[in-house]
**Student:** 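I have a structure here, written as structure tokens, and I will follow up with some questions on it.
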Amino acid sequence: MSKYETVLEVKQVSNSYKGKLEKKVLKDINFKIHKGEIFGLVGESGSGKSTLANAVLGIIDYNGEILIGGKNRKDYNRRELSKQVQAVFQDPTASLNPAKKVGWLLEEPLRVHKRGSVSERIRRVDEMLELIGLDTTYKKRRINELSGGQKQRICIGIALMLEPDLLIADEATSALDVSVGAQILNLFKELNERLNTSMLFISHNLNVVYWLCDRIAVMSSGEIVECGEAQNIYYSPEHEYTQALLSSIPKLS
Ligand SMILES: Nc1ncnc2c1ncn2[C@@H]1O[C@H](COP(=O)(O)OP(=O)(O)OP(=O)(O)O)[C@@H](O)[C@H]1O
Ligand SMILES: [Mg+2]
């Protein structure tokens, strides 16, 4: 893949949840994520960030077009899609089977996708533990013997096992203690540098998004009101919603 290859393209995507009142949650969303890029999606609670992530992940339907590696998302079957796009969510405990050991969980995507021999799979699990900043003794640990930060590292490891082109992180550090969250952010940056995995990083915190991301899209009531280089969005926001978001947080110098 060349540096400027598009990993994800979202074109005129809209979505409404059908209820008593049909409410438009996404309104004509457009953006692209390039290979190796960390793209931040920021906005207040309820602005539609997770809905957009869920559309990309194939969890919900939408109008418009989502292209993953140039191919329509709706033309992927679940198995193919899971090789291209993976996600990490806010609560690692909810994503992991507490009865299983770390080694078993990390190996599972390889078993399901019939990748490699047993010894190759064990080697890949060891490599992944090193990448996510844990040593191989963790293989024998059960999930309920890990801290929140360690569990989130395992979720990230599982997500990267099939070497997806795109990793979606939806509020992946929001539930963690500030210092632990900062370590996970560092891990995302390091993994992006080492593996060149593109990321859609979702957060309500502009400081965090600015620190991690190359480009940022600002979302308000289902619309992207502003999108651009992180530096520009953070230091010279044009839209009043972005300005309001920025004025509500202590700014990094
Ligand atoms: N399954 C659903 N059915 C009906 N409405 C929903 C559903 N999921 C989300 N919504 C509504 O869609 C809107 C966008 O929700 P979404 O979860 O995408 O926001 P968000 O930006 O991820 O918020 P947060 O920062 O709190 O995670 C909200 O008004 C929410 O109430
Ligand atoms: Mg959300």
Side-chain angles (χ1 to χ4, degrees), residues 38-45 49-50 53-54 57 59 82 85-113 115 121-164 166-213 249-250 252:
I38 307 186
F39 187 90
L41 185 63
V42 72
E44 68 193 336
S45 182
K49 306 181 298 297
S50 296
N54 289 341
L57 286 164
I59 297 169
S82 71
V85 185
Q86 285 285 331
V88 190
F89 301 100
Q90 182 164 349
D91 180 6
T93 307
S95 313
L96 298 167
N97 183 340
K100 295 295 181 190
K101 289 185 178 159
V102 165
W104 190 95
L105 287 166
L106 283 169
E107 196 189 329
E108 196 186 20
L110 301 179
R111 274 193 308 271
V112 169
H113 285 263
R115 293 264 181 99
R121 293 203 295 258
I122 291 170
R123 187 175 54 75
R124 284 277 294 128
V125 168
D126 289 350
E127 282 171 4
M128 188 53 76
L129 280 165
E130 189 273 324
L131 270 170
I132 58 177
L134 299 172
D135 63 61
T136 53
T137 62
Y138 280 87
K139 271 193 289 193
K140 296 205 162 45
R141 293 244 217 141
R142 284 184 205 284
I143 291 306
N144 57 14
E145 298 162 2
L146 302 178
S147 71
Q150 289 164 343
K151 284 180 203 167
Q152 197 58 299
R153 285 176 193 269
I154 301 301
C155 288
I156 295 166
I158 293 168
L160 293 175
M161 218 60 208
L162 296 172
E163 302 170 83
L166 181 68
L167 179 65
I168 299 180
D170 188 352
E171 302 282 3
T173 61
S174 309
L176 302 170
D177 182 77
V178 174
S179 65
V180 177
Q183 289 166 12
I184 299 294
L185 288 177
N186 274 311
L187 177 64
F188 280 134
K189 198 164 234 181
E190 193 186 314
L191 289 169
N192 169 258
E193 279 158 14
R194 287 176 73 172
L195 305 173
N196 204 31
T197 310
S198 313
M199 278 186 61
L200 173 58
F201 184 84
I202 298 173
S203 172
H204 57 271
N205 185 330
L206 243 170
N207 278 340
V208 163
V209 171
Y210 167 65
W211 182 82
L212 182 69
C213 302
I249 52 168
L252 303 172

**Student:** For Leu162 and Leu110, run side-chain contact (heavy atoms from CB on, under 4.5 Å): C-alpha distance rounded to whole Å, both residues' side-chain angles, the deciding distance at 0.1 Å, then the answer.
**Tutor:** CA-CA 7 Å; Leu162 296 172; Leu110 301 179; 4.3 Å; yes
**Student:** Is the shortest side-chain heavy-atom distance between His204 and Ser45 below 4.5 Å?
**Tutor:** no
**Student:** Out of curiosity, Leu195 CG to Leu131 CG, how far, rounded to the nearest 0.5 Å?
**Tutor:** 5.5 Å
**Student:** Under 4.5 Å between any side-chain heavy atoms of Val85 and Pro164, yes or no?
**Tutor:** no
**Student:** Do the numbers put Arg111 on top of the ring of Trp104, so that NZ or CZ is under 6.0 Å from the six-membered ring centre and no more than 45° off the axis?
**Tutor:** yes
**Student:** Mind checking the CD1-CG spacing from Ile168 to Asn54? Nearest 0.5 Å is all I need.
**Tutor:** 8.5 Å
**Student:** Might you point out which heavy atoms bring Asn207 and Pro250 nearest each other, and give the distance in Å?
**Tutor:** ND2-O, 2.7 Å
**Student:** Check the pair Ile184 / Phe188 against side-chain contact (heavy atoms from CB on, under 4.5 Å), numbers first and verdict last.
**Tutor:** CA-CA 6 Å; Ile184 299 294; Phe188 280 134; 3.8 Å; yes
**Student:** Output yes when a side-chain donor or acceptor of Lys49 lies under 3.5 Å from a complementary backbone atom of Glu44, and no otherwise.
**Tutor:** yes
**Student:** Is there side-chain contact between Leu185 and Phe201, with at least one heavy-atom pair below 4.5 Å?
**Tutor:** yes
**Student:** Distance check, rounded to the nearest 0.5 Å: Arg124 atom CZ versus Glu107 atom CD?
**Tutor:** 11.5 Å
**Student:** Evaluate the side-chain proximity of Leu191 to Leu167: yes if any heavy-atom separation is below 4.5 Å, no if none is.
**Tutor:** no
**Student:** Can a side-chain donor-acceptor contact be found between Asp126 and Thr136 if the only test is distance below 3.5 angstrom?
**Tutor:** no
**Student:** Between Ser203 and Asn205, is any side-chain donor less than 3.5 angstrom from a side-chain acceptor?
**Tutor:** no
**Student:** Looking only at heavy atoms, which two atoms of Ala99 and Arg142 are closest? And how far apart?
**Tutor:** O-NH1, 2.8 Å
**Student:** Can you measure from CD1 (Ile156) to CE (Met161) and round to the nearest 0.5 angstrom?
**Tutor:** 14.0 Å
**Student:** Passes side-chain contact (heavy atoms from CB on, under 4.5 Å), Gln183 versus Leu176? Steps please.
**Tutor:** CA-CA 10 Å; Gln183 289 166 12; Leu176 302 170; over 6 Å; no
**Student:** Would you please test Leu134 and Ile154 for side-chain contact (heavy atoms from CB on, under 4.5 Å) and show each step?
**Tutor:** CA-CA 9 Å; Leu134 299 172; Ile154 301 301; 3.5 Å; yes
**Student:** Once side-chain hydrogen bond (donor to acceptor under 3.5 Å, both in side chains) is applied, do any residues pair with Ser179, and if so which ones, sequence neighbours excluded?
**Tutor:** Asp177
**Student:** Using every non-hydrogen atom in the two residues, find where Tyr138 and Gln150 come nearest and quote the distance to one decimal.
**Tutor:** OH-NE2, 3.0 Å
**Student:** Salt bridge check: are Lys189 and Glu193 linked by an N-O gap of less than 4.0 Å?
**Tutor:** no
**Student:** To the closest 0.5 Å, what do you measure between CD1 (Ile132) and CG (Leu160)?
**Tutor:** 8.5 Å
**Student:** With a 4.5 Å limit on heavy-atom distance, are the side chains of Thr197 and Leu166 in contact?
**Tutor:** no
**Student:** Can you see which heavy atom on Ser82 is nearest to which on His113, and at what distance?
**Tutor:** OG-NE2, 3.2 Å
**Student:** Looking only at heavy atoms, what is the nearest atom pair of Cys155 and Ser95, with distance?
**Tutor:** SG-CB, 4.0 Å
**Student:** I need the minimum non-hydrogen distance between Ile202 and Ala53, along with the two atoms involved.
**Tutor:** CD1-CB, 3.6 Å
**Student:** Find the distance between CG (Leu96) and CG (Leu146) and round it off to the nearest 0.5 Å.
**Tutor:** 8.5 Å
